[in-house]
2 protein chains.
Amino acid sequence: MEEQKKKILLVEDDPNFGIILKDYLMMNDYDVVHAKNGMEGFEKFKKDDYDLCILDVMMPYKDGFTLAKEIREKNTDVPIVFLTAKTMKEDVLKGYKVGADDYLNKPFDSEVLLMKIKAIMQRKATETISDSKQFEFKIGRFDLNSKLRFLKFDGGDPVKLSPKENELLRLLALHENDLMPRELALTKIWRDDNYFTSRSMDVYIAKLRKYLKLDEKVEILNIHGEGFRLVVN
Amino acid sequence: MEEQKKKILLVEDDPNFGIILKDYLMMNDYDVVHAKNGMEGFEKFKKDDYDLCILDVMMPYKDGFTLAKEIREKNTDVPIVFLTAKTMKEDVLKGYKVGADDYLNKPFDSEVLLMKIKAIMQRKATETISDSKQFEFKIGRFDLNSKLRFLKFDGGDPVKLSPKENELLRLLALHENDLMPRELALTKIWRDDNYFTSRSMDVYIAKLRKYLKLDEKVEILNIHGEGFRLVVN
DNA sequence: AAGCCCTTTTAACCTTACATTAACAAAAAT
DNA sequence: ATTTTTGTTAATGTAAGGTTAAAAGGGCTT
């Protein structure tokens with residue numbers, strides 16, 4: 001069994017601090033890629049798979065939140081930790097809204113950071129036992145590739161899916177023939193559960209149904225008040 | 001619609017602060033049980049299932065860490081958040097070691113706490129893909145799936161059941177051939193026992209009888225003044 | 001900055017699903 | 001006999017979901 005080092009994307013514009021942090025993490029057995037601003041961070045993120053992203057909030061060109069949002073569009077699961085300059089409540093709240101897993105106030109203690117990282121990785125480890133490579137699905141005569149965000153019918157031309165369409169169909173596929181609770185999709189994809197996000201989700205269900213009706217054996221059923229069910233007859 | 005509130009165990013020895021925090025959380029739609037020390041906290045924990053534990057670190061009799069360890073022995077999954085008096089690095093590290101999900105330094109901002117709770121619950125949401133076997137019943141020639149809320153006759157087309165129909169039939173099935181007391185259904189399903197809910201229940205019994213008459217071996221009998229009995233001959 | 005494309009949200013309107021209540025009939029208990 | 005409980009059907013009001021279209025937002029190009 002080959003032990004794979006965990007890969008961390010560190011986006012931090014202060015060069016001194018960035019290097020120090022990077023070295024410290026590498027000394028502790030992480031594989032660290034350091035980007036010096038939001039732009040570069042996103043480029044690097046697209047090129048590889050990371051187990052964790054550590055983002056500075058204050059950065060030129062593209063701040064940490066904007067970057068986080070972009071990262072979230074491509075990947076709803078990767079843990080994100082923010083580094084905020086001080087205890088700025090605004091920042092913290094904003095961070096959680098874009099789906100942060102945690103945040104740290106600068107200056108912070110490096111051991112604390114390490115523990116946080118460990119805790120987060122551990123959390124992921126328990127979750128990610130089964131769904132590690134769950135990006136490709138066969139749904140009746142369709143093939144869904146949720147990494148590349150397309151849907152093919154009978155091996156024909158792929159139709160591109162928007163991020164939300166993709167995530168929603170992926171969640172449904174993960175629960176094929178079973179209940180996919182409304183609340184699950186709303187918390188996982190929309191990160192909020194209110195009247196409007198709920199209506200938004202219904203709109204997406206309608207869109208997916210449109211795509212899926214090419215195969216009349218495939219349908220999305222509603223379970224009133226509970227959620228939806230993707231069935232393949 | 002019947003909404004299931006998330007249940008929080010709050011263990012905090014400062015009575016004023018505890019009450020205030022409890023009220024604040026309840027205002028935000030959580031179901032909160034407040035324990036005043038570690039001992040009491042553990043007692044309450046054993047008696048019920050919680051979605052989250054919020055533990056003060058400094059407490060008489062039994063501190064938060066000891067309590068957390070005990071809780072972890074019984075339940076490896078429930079998220080734990082610590083409240084630490086100040087930025088005590090020792091505490092934070094120790095907290096993560098016993099498997100905390102997060103910590104908050106007192107005094108903390110209540111909105112921040114709320115966001116943390118939300119984030120933690122979101123994380124949990126994915127894991128909770130519960131197993132189905134306890135939701136399936138065989139009733140004569142019928143199959144009841146009370147998770148997906150349908151009833152099949154001889155493996156034919158499933159008939160959809162409404163939430164109340166479903167819950168009622170499930171309760172009857174749990175007591176198959178035995179008395180299912182009126183009061184039980186009223187308190188469990190209707191959460192209230194009065195003339196009108198009682199009449200409402202009778203209406204649902206009539207609906208269920210209609211579904212079930214496809215199999216003349218299955219019937220719902222009334223036990224006057226007591227309740228109903230689902231019998232399979 | 002203006003315009004365009006893509007995605008997402010919001011709004012509107014309509015349909016379906018559900019639970020409750022009323023009304024009256026039938027059984028059972030007193 | 002009459003009061004209470006149960007059986008059943010139908011009517012009503014409300015909430016949830018289906019669908020389409022318009023508005024809003026963001027990035028990118030010119």
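Every chain is numbered from 1 and lettered A, B, ... according to where its sequence line falls, protein lines coming before strand lines.
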Does [N] have its OP1 or OP2 closer than 4.0 Å to a side-chain nitrogen or oxygen of [X]?
{"X": "B:T197", "N": "C:dT20", "value": "no"}
{"X": "A:K210", "N": "D:dT20", "value": "yes"}
{"X": "B:S200", "N": "C:dT21", "value": "no"}
{"X": "A:W190", "N": "C:dT9", "value": "yes"}
{"X": "B:R182", "N": "D:dT5", "value": "no"}

Review point. Rounded to the nearest 0.5 Å, what separation is found between the CG atom of B:L179 and the CG atom of B:L230?
Key: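 Here the interatomic distance stands at 12.0 Å.
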Check your understanding: What is the distance from atom CD1 of B:I189 to atom CD of B:E167, rounded to the nearest 0.5 Å?
Key ->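 Spacing of CD1 (B:I189) from CD (B:E167) equals 5.5 Å.
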Measure from [atom1] on [X] to [atom2] on [N] and round the result to the nearest Å.
{"X": "B:E219", "N": "D:dT8", "atom1": "CD", "atom2": "C1'", "answer": "17 Å"}
{"X": "A:E165", "N": "C:dT7", "atom1": "CD", "atom2": "C1'", "answer": "9 Å"}
{"X": "B:I223", "N": "C:dA29", "atom1": "CD1", "atom2": "P", "answer": "12 Å"}
{"X": "A:E73", "N": "C:dT8", "atom1": "CD", "atom2": "P", "answer": "7 Å"}
{"X": "B:R149", "N": "D:dA16", "atom1": "CZ", "atom2": "P", "answer": "13 Å"}
{"X": "B:D192", "N": "C:dT20", "atom1": "CG", "atom2": "C1'", "answer": "13 Å"}
{"X": "B:L168", "N": "D:dG7", "atom1": "CG", "atom2": "P", "answer": "12 Å"}
{"X": "B:M201", "N": "C:dA22", "atom1": "CE", "atom2": "P", "answer": "20 Å"}

State which of [options] makes the closest approach to the side chain of [X].
{"X": "B:D202", "options": "D:dG18, C:dA19, D:dG7", "result": "D:dG7"}
{"X": "A:T66", "options": "D:dG27, C:dC18, C:dT8", "result": "D:dG27"}
{"X": "B:R209", "options": "D:dG18, D:dG7, C:dT7", "result": "D:dG7"}
{"X": "B:H224", "options": "C:dT20, C:dT7, C:dA29", "result": "C:dA29"}
{"X": "B:R199", "options": "D:dG7, D:dT19, D:dA10", "result": "D:dG7"}
{"X": "A:Y204", "options": "D:dG18, C:dT9, C:dA19", "result": "C:dT9"}

Check your understanding: Going by distance alone, is a donor N or O of one side chain under 3.5 Å from an acceptor N or O of the other, for A:N75 and A:D77?
Key ->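 No, A:D77 and A:N75 have no side-chain donor paired with an acceptor closer than 3.5 Å.
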Exercise for review: Quick one: label A:Y195 by what it contacts on the DNA or RNA (base, sugar-phosphate, nothing), any heavy atom closer than 4.0 Å.
Suggested key: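 No contact.
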Check your understanding: Would A:F153 and A:Y211 satisfy ring pair (Phe, Tyr, Trp, His ring centres under 6.0 Å), going step by step from the backbone distance to the final call?
Key -> CA-CA 9 Å; A:F153 179 63; A:Y211 292 133; over 10 Å; no
Check your understanding: Which word best sums up how the rings of B:F45 and B:Y50 line up, parallel for under 30°, tilted for 30 to 60°, or perpendicular for over 60°?
Key ->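 Parallel: the ring planes of B:F45 and B:Y50 meet at under 30°.
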